[in-house]
Amino acid sequence: MTSSTPYYRAGSPLTVRFNRVVGWLARHGFSLLGSAELSVRGRKSGQMQRIPVNPHTYEGEQYLVSARGHSQWVRNMRAAGGGELRVGRKVRVFTAVEIPDEEKLAVLRTYLEKWGWEVNQYFKGVTAKSSDEELIAAAPDHPVFRITVRN
């Protein structure tokens, strides 16, 4: 990976399998610690793409954080500007706005406090206990979207 290539860490075969199970559970009404299934329209195919995510609430606002970096769902979200979060029959349609790096500090810290046990491996040594400077330096590698539920 060169410095001009956006950060992305693909999942291992085990992680991919685990994500399928978590997505299936969310689709059938079982949320693991707040997880949900994200559906976002593919920027090339036009088809809805699904992936499990960990919606994060900070100061009354909801966010989606891409722990793995500039993934396909991130690229699709940038193009689509929104999507759906599903847990069972409950579907929340939302719009999404990507927040700038300089606004991510508190969101990333609280996200890592809650989900670090699952996602720290994707943050290259940065944890919830890292300094503000370390978190700010990691911010460009981890897109964050503020979501607004429409229904």
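Between Tyr63 and Tyr58, the two ring planes are tilted [angle within 30° to 60°].
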* Check the pair Leu108, Phe123 against side-chain contact (heavy atoms from CB on, under 4.5 Å), reporting the backbone distance first and the verdict last. => CA-CA 10 Å; Leu108 288 176; Phe123 278 79; 4.2 Å; yes
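Of all non-hydrogen atoms in Arg68 and Thr15, the two that sit nearest each other are NH2-CG2, 2.6 Å. Of all heavy-atom pairs between Phe94 and Leu64, the closest is CZ-CD1, 3.9 Å. Nearest heavy atom pair, residue Pro55 against residue Leu85, reads CG-CD1, 4.0 Å. Across all their heavy atoms, Pro140 and Ala137 have their closest contact at CD-O, 3.3 Å. Shortest non-hydrogen contact noted between Arg43 and Ala79 is CB-CB, 3.7 Å. Across every non-hydrogen atom of Tyr8 and Ser71, the tightest pair is CE1-CB, 3.5 Å.
Put simply, CD1 on Ile136 and NZ on Lys104 are 11.5 Å apart, with the number rounded to the nearest 0.5 Å. Atoms NE2 and CZ, from His70 and Arg78 in turn, are 5.5 Å apart once rounded to the nearest 0.5 Å. Note that CZ of Arg92 and CZ of Arg86 are 12.0 Å apart. Values are rounded to the nearest 0.5 Å. Rounding to the nearest 0.5 Å places OG of Ser12 at 7.5 Å from CD of Gln121. We find the CZ-CG distance between Arg109 and Leu135 to be 4.5 Å, quoted to the nearest 0.5 Å. Here the NZ atom belonging to Lys124 is positioned 10.0 Å from the CZ atom belonging to Arg9, to the nearest 0.5 angstrom.
Both Phe30 and Val22 belong to a common hydrophobic cluster when Ile, Leu, Val, Met, Phe, Trp and Tyr are linked at side-chain heavy-atom distances under 4.5 angstrom. If you chain together hydrophobic residues whose side chains sit under 4.5 Å apart, Leu32 and Trp24 fall into the same group. In the hydrophobic clustering of this structure, Ile51 groups with Met77; members are Ile, Leu, Val, Met, Phe, Trp, Tyr whose side-chain heavy atoms approach within less than 4.5 Å, directly or through other members. No continuous path of ILVMFWY side-chain contacts below 4.5 Å connects Leu14 to Val119, so the two sit in separate hydrophobic clusters. No continuous path of hydrophobic side-chain contacts links Val16 to Tyr122 [ILVMFWY only; heavy atoms under 4.5 Å].
Applying side chain to side chain contact (heavy atoms under 4.5 Å, CB included) to Phe145 and the options Val74, Val97, Thr95 leaves one that passes, Val74. Paired with His56 under the rule side chain to side chain contact (heavy atoms under 4.5 Å, CB included), one option of Val144, Thr110, Ile147, Leu112 passes, and it is Thr110. When each of Glu98, Glu59, Glu103 is paired with Arg146, the salt bridge (charged side-chain N to carboxylate O under 4.0 Å, His left out) condition holds for Glu103 and for no other.
Checked by atom type and distance alone, the side chain of His142 pairs as donor or acceptor with a backbone atom of Ser66 at under 3.5 Å.
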